[in-house]
Every structure is written in structure tokens, then in C-alpha cells.
Amino acid sequence: MRKIIHIDMDCFYAAIEERENPELRGKPVGVGGGSRRGVLTTANYEARKYGCRSAMPVFKARELCPHLILVPVRFDLYRAESARIRAIFGRFTEKIEPLSLDEAYLDVSHLHSSGAAIAREIRAQIREETGLTASAGIGPNKLIAKIASDWNKPDGQHEVRAEDVEDFMSALPVGRLWGIGPKMRGKLEAMGIRTCGELRAMDKIDLARRFGTWGLELHALARGEDDREVSIDRIRKSVSCEHTFTENILTLEALRPQLLAMIDEVREDVERRHADRVIRSLVVKMKFADFTRTTAERAHPELDAGVYAELLEEAWKRGANRPVRLLGAGVRFRDPDDGIQPELFDSAGL
Ligand code: TTP
Ligand code: MG
């Protein structure tokens, strides 16, 4: 039986800014604006009372909360805090999988104490040494631990024992499962399925028929089953979105709107989950009807529809008019340990 802990810091960037500047305490604070297209990276809990949220445009946040205090993003500071927190994790286990600067899975199966006791101790050390609060979820796998860490947020924790997994999952909206975005949620809703309990009632074969292997995965997820290992393979190198068409696409013009939709999805993912990462290059991937494939890539520091359009043409030309069965768009990130000469690296690197 595995013991997995998911730790998630509470309004991480904003909490650090509040700690650094006590005058901000008790006041609504948003972190962001500036670059990143004028959106909030996060807001403290005071600002959330007014509805301010991550990824919200600054003008909108100001409408909701006119006395919002906006502070600029300081990634170097957040990275340093993140490293301190990870060092604390390292006192308990070597199996650490960071998901972002403020979030990680820990596999503590090998320790004798209960998962809840270990999580309490980790949170106490974080508070003591950084002055920041963390929330934790404890469960028999990553899926459960991650969902549970939201349960008693902020500054709380929640444990789900193996025997309680079924109850825990029943009322959970399907959108909380990993891999279920708005599109998939829509499809399931059209089938009358909103909760994992309802999804669980679906026949496995039927799910497989409708959604292929992903349907089988859904069948397991709805039961709270998840056997993914806590992977110590450091941080994500890229983010992408790809789509296999039910009917091959025959023209470059028909590919363009598909590409735009994918760029939007990649952008959302980058802004929601990888806002701290530096983009190194943009990538377009194509698979043709004869199953050959090609990838067009260019060093570029931001998601730029114009550059993507050029990459699309480049890949399309390589196909020499062959019909396209799969299109993908993505970004590759710079390794966080690559140091501080991005321009040099970019011109030489690709
Ligand atoms: P989250 O853990 O999602 O949010 P949070 O820590 O601010 O708040 P919570 O208490 O609900 O956990 O993200 C961690 C940090 O990542 C967050 O402080 C800022 C950054 N971030 C963005 O830059 N853009 C985003 O869209 C999100 C969701 C987070
Ligand atoms: Mg957080």
C-alpha cells in the first residue's frame, strides 16, 4: 500500500510578497500585471473574497476590487523559496515530484509514521523556516492526494484512507480528474455524467467504445484508481496539445483554424501551470496519412501566432501535399538550471 502526499503552498506568490512586505497583510493583494499580458498570477485570500483569481486580467480584478494592491512578479524570489521548500521535502523522502514551484508529490511509503503525521511535520517545518503556509493531501495514490490537498485549504490537510476512496470520489465533479478539460467535460455532461459516481456507473466497454483507451483510463480514475509512480524525473520540458483528426485534413487553409485552437489551449496551460518557466522554442508537429511525421521548431520566447503559422507552413511543405492526420502545437521550456544567458543559448541551441 502506497502513501502519497501532495503538498500545495497557499496563494504562494502572494504569500511570499506579504511576508516580504508586512504592510500588505490583511489587504487584498494581486501579483502580476506587467508582462504576461496583464493578468494576475495569483491573489491572496483577502482579494479572493472579491472574486480575484489566477489568470484574471488586471482590469477585471480592479473592477471587482478597486482597492486591490498590485505587486509585480518576482520569479527569482519565488524560485528561491521553492528550493527551500524542496530541501525540507528532502529530509523525509527522495521520491519527490515537483509539479510547479509550489506543488509536489512525495512518496513516503517507506516511512513508518502515518502519512497524516508526516504531512503535519512537513507543514510545520515549512511554516517555521519560511513563514509560509502549505496545505496537504494524503492518499493511496497521486490522484487522491492531489484532490485531497484542496479539501482543507488554506493551511490544512486531509487524508483519504484506501477504504474511504469510494465515498470520497462519489460526489466529485468529473472535471477534477486529470486529463478532463472543458471539452471532455462537455461530452460527459451530454451523456448525463457530472460526478465521478455517475461516471463509475458507466459500463467499461461502453466507455472504451466511445473514448478508446482513454475511456478505460476514465473507468479507473472514476474509481480513484491511479498507479502512476511519483516520478523523480525532474521538471517538465515541454507542453503541447495535439489532435488526431477523424478525417484527414487536405489543405493548409483547413489546418490554420485547428492550429489557432491548439495555440489557445497551450497558452492556457502555460499561463495556468507554467507561468514561472521561460519558453525556449515553439514547435509544430504533423503526422501524414502515410504515417510519416515531421516537426518544425523555432527558438522564440513567447507564444506567437505568427511564428506558429510559419512553422505550420514549413511542416506542411515538407509533407508535399500529403493529407494530415495529426496536428500538434507546443512549447519547449528552457531548463531552469540553464543559467542566465538566454540570448546566447537561443541562437546557438537549436
Ligand atoms: P496555485 O497553487 O494554483 O495557486 P496559489 O498557490 O496561488 O493558491 P492556492 O492557495 O489556491 O494554492 O499556483 C501556484 C503559483 O503559481 C501561484 O501563486 C502563482 C502561479 N500561477 C500563475 O502564475 N498562473 C496561474 O494561472 C496559476 C493557477 C498559478
Ligand atoms: Mg498553491
Side-chain angles (χ1 to χ4, degrees), residues 5-21 24 28-58 60-61 65 68-86 88-89 97-106 119 122-123 126-127 130-137 142 145-158 175-176 178 181-182 235-236 239 264-279 302-303 331 333 336:
I5 299 175
H6 177 255
I7 302 264
D8 186 334
M9 301 298 294
D10 302 320
C11 52
F12 189 50
Y13 298 178
I16 295 172
E17 294 295 344
E18 276 187 70
R19 184 195 68 189
E20 294 296 295
N21 180 0
L24 297 176
V29 177
V31 181
S35 60
R36 292 280 170 197
R37 303 193 314 152
V39 298
L40 294 186
T41 60
T42 191
N44 68 358
Y45 281 82
E46 190 55 34
R48 289 184 198 188
K49 288 184 195 160
Y50 297 84
C52 299
R53 295 278 179 275
S54 290
M56 180 178 276
V58 168
K60 178 87 191 292
C65 178
L68 181 74
I69 301 174
L70 202 65
V71 299
V73 180
R74 294 192 281 176
F75 284 123
D76 287 344
L77 180 59
Y78 314 149
R79 268 187 215 116
E81 285 315 300
S82 179
R84 287 169 73 187
I85 293 158
R86 265 176 221 171
I88 294 173
F89 298 157
E97 178 179 344
L99 296 176
S100 65
L101 287 184
D102 91 319
E103 233 184 295
Y105 291 114
L106 279 58
I122 292 173
R123 292 174 44 238
I126 291 175
R127 179 198 280 275
T130 69
L132 303 169
T133 64
S135 298
K142 297 209 291 195
K146 168 122 180 162
I147 297 167
S149 70
D150 259 355
W151 232 243
N152 283 318
K153 213 173 207 331
D155 198 17
Q157 65 181 57
H158 183 67
R176 297 294 303 272
W178 60 269
I235 204 145
R236 297 266 305 247
V239 161
D264 281 345
E265 249 178 76
V266 172
R267 173 172 286 128
E268 192 182 321
D269 200 3
V270 168
E271 283 176 359
R272 277 183 58 84
R273 294 205 295 235
H274 309 283
D276 58 307
R277 302 295 298 281
V278 181
I279 293 173
E302 58 197 29
L303 281 151
V331 299
F333 296 121

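Computation of the quantities below employed the complete heavy-atom set of this structure, encompassing side-chain atoms and omitting hydrogens, waters and symmetry-equivalent molecules. Indexing begins at 1, ligand by ligand and atom by atom, following the structure's order. Positions are given from 1, in the same order as the sequence printed here.
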(message) Let me check your reading of the structure: within less than 2.8 Å of the Mg ion (ligand 2), is there an N/O/S atom from T42?
(response) no

(request) Examine D10 and say whether one of its N/O/S atoms is closer to the Mg ion (ligand 2) than 2.8 Å. (result) no

Check whether any side-chain N or O of [X] sits under 3.5 Å from a backbone N or O of [Y] as a donor-acceptor pair, and report yes or no.
| X | Y | answer |
| --- | --- | --- |
| N44 | A14 | no |
| R127 | D155 | no |
| K153 | A134 | no |
| R267 | L303 | yes |

(request) May I ask you to decide whether D76 forms a salt bridge with R79, counting only side-chain N to carboxylate O separations under 4.0 Å? (result) yes

(message) Any carboxylate oxygen within less than 4.0 angstrom of a Lys/Arg side-chain nitrogen, looking at D8 and K146?
(response) no

(request) Kindly give the heavy-atom pair with the smallest separation between S54 and T41, and that separation in Å. (result) OG-O, 2.8 Å

(request) For D8, take its heavy atoms, then give the atoms of ligand 1 lying under 4.0 Å from any of them. (result) 2 (O), 12 (O)

(request) Find all atoms of ligand 1 within a distance of less than 4.0 Å from any non-hydrogen atom belonging to M9, and give their numbers and elements. (result) 6 (O), 9 (P), 10 (O), 12 (O)

(request) Report yes or no: does a heavy atom of Y45 sit under 4.0 Å from some atom of ligand 1? (result) yes

(message) Could you check whether any heavy atom of R277 sits closer than 4.0 Å to an atom of ligand 1, since that is the contact criterion I want to use?
(response) no

(message) With a 4.5 Å cut-off on side-chain heavy atoms, are Y78 and I16 touching?
(response) yes

(request) Answer whether the closest heavy-atom distance between the side chains of L40 and L70 falls below 4.5 Å. (result) yes

(request) Have a look at ligand 1 and work out which part of T41, if any, has a heavy atom under 4.0 Å from it: side chain, backbone, both or neither. (result) both

Is it the case that ligand 1 has an N or O less than 3.5 angstrom from some N or O of [X]?
| X | value |
| --- | --- |
| L40 | no |
| K153 | yes |
| C11 | yes |

Would you mind checking which non-hydrogen protein atom is closest to [atom], with the distance to 0.1 Å?
| atom | result |
| --- | --- |
| atom 7 (O) of ligand 1 | T42 OG1, 2.5 Å |
| atom 8 (O) of ligand 1 | R48 NH2, 2.8 Å |
| atom 13 (O) of ligand 1 | D102 OD1, 3.9 Å |
| atom 28 (C) of ligand 1 | R272 O, 3.3 Å |
| atom 15 (C) of ligand 1 | Y13 CE2, 3.8 Å |

(request) Would you mind naming the N, O or S atom of D8 nearest to the Mg ion (ligand 2)? (result) OD1

(request) With the Mg ion (ligand 2) as the reference point, give the N/O/S atom of D102 that is nearest. (result) OD2

(message) Pairing donors with acceptors under 3.5 angstrom, does anything connect the side chains of E81 and Y13?
(response) no

(message) Within the protein, is there a heavy atom lying under 4.0 Å from atom 23 (O) of ligand 1?
(response) yes

(request) Tell me whether the guanidinium CZ or amine NZ of R86 lies under 6.0 angstrom from the six-membered ring centre of F89 and within 45° of its axis. (result) no

